[in-house]
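Everything below concerns the one structure shown next.
As a basis for the values below, the full set of heavy atoms in this structure was taken, side chains included, without hydrogen atoms, waters or symmetry mates. Letters A, B, ... are given to chains in the order of the sequence lines, protein chains preceding strands, and every chain is numbered from 1.
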2 protein chains.
Amino acid sequence: MGKIRNAERTQKNILEAARNEFFNKGFKGARIESIAENAGVKKQLIYHYYKGKKELYEAVLANLATSGPEWATRVPDNPQHIAEHRYNVNSKERADFIKFTAWQALESQADQTSWNKSGELALQSYVAYWKEQKDKGVLPPDLEPELLALAITALTTYPIIFSDIAKIFTGSDESDPEFQRRWSEFLTNLSGHIIKN
Amino acid sequence: MGKIRNAERTQKNILEAARNEFFNKGFKGARIESIAENAGVKKQLIYHYYKGKKELYEAVLANLATSGPEWATRVPDNPQHIAEHRYNVNSKERADFIKFTAWQALESQADQTSWNKSGELALQSYVAYWKEQKDKGVLPPDLEPELLALAITALTTYPIIFSDIAKIFTGSDESDPEFQRRWSEFLTNLSGHIIKN
DNA sequence: AGTGTAATTTTACAAAAGTTAAATTATACT
DNA sequence: AGTATAATTTAACTTTTGTAAAATTACACT
């Protein structure tokens with residue numbers, strides 16, 4: 001049986017499989033062979049398209065920056081609906097992405113490599129937003145906007161990364177819509193105690 | 001030069017080096033050789049004391065449960081001073097431990113292994129505490145105590161794990177006492193908006 | 001001093017994972 | 001049909017890492 005050749009699709013498959021692998025296992029944990037399997041190719045073929053594991057990894061990042069979903073590079077500017085906004089779209093893909101940032105954080109600390117700065121700007125613009133809010137008097141004066149931005153980021157990502165812990169606390173899976181509803185509501189209520197409007 | 005032999009100390013060295021390695025690089029990322037180096041022994045010696053990597057890992061966990069610091073197994077029950085309490089003691093060691101929990105979370109998700117449940121009880125007692133608080137009317141009725149416990153855990157650990165992100169937001173290192181003061185104060189102020197007393 | 005035992009080193013190996021190079025096969029173009 | 005080029009497979013190699021077994025050395029005890 002002659003396999004139909006299609007370089008473009010093969011590359012796409014590889015890239016997609018690679019993203020999945022890196023997102024779920026980090027850089028070190030990712031296996032070229034596993035990527036190849038999931039892409040439906042021999043692992044050696046990957047070296048025809050990329051110099052090596054590192055380059056493949058960077059290709060995934062680059063691809064994410066261009067053709068990836070907006071939430072990967074931009075941070076929501078919407079005041080009240082932070083929680084909803086974050087949970088609305090594409091839950092599964094976003095969750096994987098969040099986990100990936102966790103891998104990056106841990107691995108970069110482990111081997112001193114400073115991690116990729118593509119997300120930096122997005123985060124800073126996020127801070128800028130909360131500064132505005134404070135100037136408008138929406139925020140209480142005793143809460144620094146930088147720290148609030150950090151807190152919100154923590155609250156919206158933590159349950160995804162630590163789904164086991166979230167489960168111990170709440171009894172239900174993070175992926176469970178019921179949990180997402182509760183958590184979303186909780187965050188909304190929480191901000192209700194802080195933000196005046 | 002004849003090396004002075006001291007099995008007890010050697011074992012302690014190995015265990016300590018192992019803890020460091022596992023805490024900073026996770027299970028997979030940890031290298032027996034690196035552990036051996038830091039313990040000042042040949043790596044093969046490790047196999048004289050432990051059957052293999054896995055057993056060494058478990059020894060580290062067991063050791064932590066017994067001779068480890070209390071914060072590794074217990075969660076603070078103190079109402080107002082959550083933030084302070086957590087930052088007061090042994091910052092560096094605790095930070096490593098927190099990172100370790102992050103490794104556990106990611107690695108266990110990556111290869112389907114359910115992670116060690118030693119911490120589970122501690123977390124549940126934490127929830128129990130907040131339930132009490134709610135019953136006493138200290139907490140607003142729209143905030144579920146389980147979720148609050150989760151939120152607090154997130155807020156107190158996130159900056160440690162994601163020190164890079166914390167730095168982008170705030171400009172200063174998580175390990176910097178100045179950051180710790182600000183963050184601690186922030187959390188205190190935040191809880192001031194929520195907890196009535 | 002002599003001997004058994006435990007600690008440590010030396011030597012060696014096996015499996016896993018990444019990578020390279022050569023051989024094949026499909027496809028587009030003439 | 002013939003050929004160049006790119007896609008894919010086959011075969012082979014290197015490095016890294018974990019592990020096992022044998023050889024040595026120190027120490028305690030008689």
Test the B:Lys53-B:Phe27 pair against the cation-pi criterion, namely NZ or CZ under 6.0 angstrom from the six-membered ring centroid and within 45° of the ring axis.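 Cation-pi check for B:Lys53 and B:Phe27: passes.
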Of all residues at least two apart in sequence or in a different chain, which pass the salt bridge (Lys or Arg N to Asp or Glu O under 4.0 Å) check with A:Asp111?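 Salt bridge (Lys or Arg N to Asp or Glu O under 4.0 Å) list for A:Asp111, sorted by chain: empty.
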With the sugar-phosphate defined as primed atoms, P, OP1 and OP2, and the base as all remaining atoms, what B/S/- string results for nucleotides 12-20 of chain C, 5' to 3', for protein heavy atoms under 4.0 Å? B----SBBB
Would you mind checking if B:Lys134 and B:Glu144 are paired as a salt bridge, meaning a charged N to carboxylate O distance below 4.0 Å?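 Salt bridge: no.
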Salt bridge between A:Arg181 and A:Glu178, side-chain N to carboxylate O under 4.0 Å?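 Yes.
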Hey, can you pull the residues of residues 11-25 of chain A with a non-hydrogen atom under 4.0 angstrom from DNA chain C?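 Heavy-atom contacts with DNA chain C come from no residue of residues 11-25 of chain A; none.
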Which ring-ring contact (aromatic ring centres under 6.0 Å, His included) pairs, counting each pair once, include a residue from residues 133-159 of chain B, with sequence neighbours left out?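 Sorted result for residues 133-159 of chain B: B:Tyr158-B:Phe162.
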When you compare the protein's N or O atoms with those of nucleotides 22-24 of chain D, which come within less than 3.5 Å of each other, and at what distance?
none

Mind calculating the distance between CD (B:Glu37) and C1' (D:dT17) to the nearest angstrom?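 Spelled out: CD on B:Glu37 to C1' on D:dT17 is 13 Å.
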Euclidean distance, atom NE2 of residue B:His48 to atom P of D:dA21 [Å, nearest integer]: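 In whole Å, D:dA21 P and B:His48 NE2 are 13 Å from each other.
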Salt bridge (Lys or Arg N to Asp or Glu O under 4.0 Å) evaluation trace for A:Glu174 with A:Lys167: CA-CA 7 Å; A:Glu174 186 279 330; A:Lys167 178 156 197 180; over 6 Å; no
With a 4.0 Å limit, can you tell me whether B:Thr10 has a side-chain N or O closer than that to the phosphate oxygens OP1/OP2 of C:dT8?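 Looking at the OP1 and OP2 atoms of C:dT8, one of them is under 4.0 Å from a side-chain N or O of B:Thr10.
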Ignoring hydrogens and angles, state whether a donor on the side chain of B:Ser34 or B:Glu21 is under 3.5 Å from an acceptor on the partner side chain.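 B:Glu21 and B:Ser34 do have a side-chain donor-acceptor pair below 3.5 Å.
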Residues two or more places apart in sequence or in another chain: which of them pass ring-ring contact (aromatic ring centres under 6.0 Å, His included) with B:Phe186?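 B:Trp183.
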Does the pair B:Phe100 and B:Phe22 meet the rule for a ring pair (Phe, Tyr, Trp, His ring centres under 6.0 Å), with working shown? CA-CA 7 Å; B:Phe100 174 62; B:Phe22 286 128; 7.8 Å; no
At 4.0 Å (heavy atoms only), tell me whether B:Tyr49 reaches a base, stays on the sugar-phosphate, or touches nothing.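 The residue B:Tyr49 makes sugar-phosphate contact but no base contact.
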